[in-house]
Amino acid sequence: MYLGKVIGNIWATKKYPAVHSLKMMLIQPLDAEQNNSGEPLIAIDTVGSGPGEIVFYITASEAVIPLPVDFAPVDASIVGIVDSINIEN
Amino acid sequence: MYLGKVIGNIWATKKYPAVHSLKMMLIQPLDAEQNNSGEPLIAIDTVGSGPGEIVFYITASEAVIPLPVDFAPVDASIVGIVDSINIEN
Amino acid sequence: MYLGKVIGNIWATKKYPAVHSLKMMLIQPLDAEQNNSGEPLIAIDTVGSGPGEIVFYITASEAVIPLPVDFAPVDASIVGIVDSINIEN
Amino acid sequence: MYLGKVIGNIWATKKYPAVHSLKMMLIQPLDAEQNNSGEPLIAIDTVGSGPGEIVFYITASEAVIPLPVDFAPVDASIVGIVDSINIEN
Amino acid sequence: MYLGKVIGNIWATKKYPAVHSLKMMLIQPLDAEQNNSGEPLIAIDTVGSGPGEIVFYITASEAVIPLPVDFAPVDASIVGIVDSINIEN
């Protein structure tokens, strides 16, 4: 899983049916110090996250597991909102 | 899912049978500000997108889900045409 | 599999149910000489690892195999604690 | 799918049985202008491609779909020979 | 598949049960001219390879196919020892 910040969302009226009811958030990947790291991607929200929140998200095949629809063509999903990042190194 | 712009297409007469009826678009990946980000890839169109349109696409195993054929050797598909990108950060 | 060092953990109260009981560790990827290599990611601990330990972890679909729950939306898991790295080149 | 050029092949007598009958081509990834882009990889030929030809190839799980054997440990396959790349941007 | 050189191995006593009997080799990825390319990773040996040998390896889901155990949490496996790399470009 990766750390990211919700920075917005994507609106699309013409899309594949199975993704119609899903909330598509724009995520900025973050490093452990919460600095931007790499380019934004689009992930489906499954936990009620909103703009400005630090979340963790999954990518690839596992991203379909938390979705309310079967066989959705989705490759990234937000699975939690981060309360704290504890670095003990 | 990732943001991209349809910049053209690929034509191939000699190809694996299961991809014969699929429209292969050339996609330029974009960042959230719609600047080019990385190298173009080939994705199957499933929503009627055309050159110049901003789309979002998926990669890896999930890319076969929206296709009209089973077991197509495909690893990237366009699943929506973007109306707006809302950045609220 | 990749080498990494456990550098902390992530706490989240609001998350997808299937990941509730899993320990989410923050991992710094390492190269063969144990120097930092790339950005930290979050992996599920399956072997009782703790901060400062050198581990090896897997990513993608296989990451769900060692988990105690079925269909958890997880894409990285720690599968061993490294005793020694033997370079014979 | 990605664009690439067949630049050679790999010969191996000691290999996992399920890949014995497969043709392993060396592919140089290309960008849309057909310039080299990244490092070569090994892909299984499924369309009769040869050195110097521009092809498109798939990676990851889908790469096993076009193979004549089941459960081959393969993660990249050539699925078409490119006739033309049309850029309309 | 990718080219690599076996540069050593990893020893771990505390690990997930399904990987206990597997030989974990340290692989240095190579480019087509056999120069180092990127950081080492850990792959399971399935063909009797040893230090100094040039091999090709697979990553992701397919890496479990050649293993003697089912459902092992493994994401990289060596599937052949390279006899020759023929560049005809």
Side-chain angles (χ1 to χ4, degrees), chain A residues 1-6 22-23 25 27-41 43-72 74-89, chain C residues 2-30 34-46 49-55 57-67 69-78:
Chain A
M1 287 82 74
Y2 303 94
L3 286 174
K5 189 181 190 174
V6 180
L22 305 176
K23 249 171 70 187
M25 312 305 277
I27 304 292
Q28 167 63 56
L30 301 176
D31 64 19
E33 284 77 35
Q34 306 191 27
N35 298 314
N36 291 359
S37 167
E39 293 301 334
L41 74 162
I44 301 299
D45 178 44
T46 73
V47 292
S49 66
E53 284 185 303
I54 306 300
V55 296
F56 55 98
Y57 63 93
I58 53 169
T59 60
S61 320
E62 296 72 29
V64 301
I65 294 177
L67 302 179
V69 289
D70 287 341
F71 302 113
V74 162
D75 62 2
S77 296
I78 298 170
V79 290
I81 299 174
V82 173
D83 292 324
S84 65
I85 300 171
N86 312 300
I87 300 187
E88 307 176 49
N89 196 24
Chain C
Y2 302 93
L3 287 173
K5 188 182 190 175
V6 181
I7 61 167
N9 59 67
I10 295 291
W11 196 256
T13 45
K14 200 166 182 182
K15 55 191 167 183
Y16 187 74
V19 300
H20 264 136
S21 58
L22 305 176
K23 250 170 71 186
M24 296 184 295
M25 312 305 277
L26 199 59
I27 303 292
Q28 168 62 57
L30 301 176
Q34 306 191 27
N35 298 314
N36 291 359
S37 167
E39 292 301 334
L41 74 161
I42 304 167
I44 302 299
D45 178 44
T46 74
S49 66
E53 284 184 305
I54 307 301
V55 296
Y57 63 94
I58 52 170
T59 60
S61 319
E62 296 72 29
V64 301
I65 294 177
L67 303 179
V69 288
D70 288 341
F71 302 114
V74 162
D75 62 3
S77 297
I78 298 170

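Lettering of chains follows the sequences in order, A, B, ..., and the numbering in each one begins at 1.
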**Q.** Closest-packed option against chain C by number of heavy-atom pairs under 4.5 Å, given A:V55, A:I58, A:V47
**A.** A:I58
Q: Hey, could you give me the CZ/CG distance between A:F56 and C:D75, rounded to the nearest 0.5 Å?
A: 10.5 Å
Q: Please say which of C:V6, C:N9, C:I7 ends up in a side chain to side chain contact (heavy atoms under 4.5 Å, CB included) with A:E88.
A: C:N9
Q: Measure the CG-CE distance between A:N86 and C:M25 for me, rounded to the nearest 0.5 Å.
A: 10.0 Å
Q. What is the minimum heavy-atom distance between A:D31 and C:E39, and which atoms define it?
A. CB-OE1, 3.0 Å
Q.
Less than 4.5 Å to any heavy atom of chain C: does that hold for the side chain of A:T59, its backbone, both, or neither?
A. both
Q: Output all residues satisfying salt bridge (Lys or Arg N to Asp or Glu O under 4.0 Å) with C:K14, sequence neighbours left out; order by chain, then residue number.
A: none
Q.
For chain A, which candidate among C:L26, C:V74, C:V19 shows the most heavy-atom pairs at distances under 4.5 Å?
A. C:V74
Q: Just jot down the side-chain hydrogen bond (donor to acceptor under 3.5 Å, both in side chains) partners of C:S21, sequence neighbours excluded, or say none.
A: none
Q. Considering all heavy atoms of both residues, which atom of C:I10 and which atom of A:L3 are nearest to each other, and what is their separation?
A. CD1-CD2, 4.0 Å
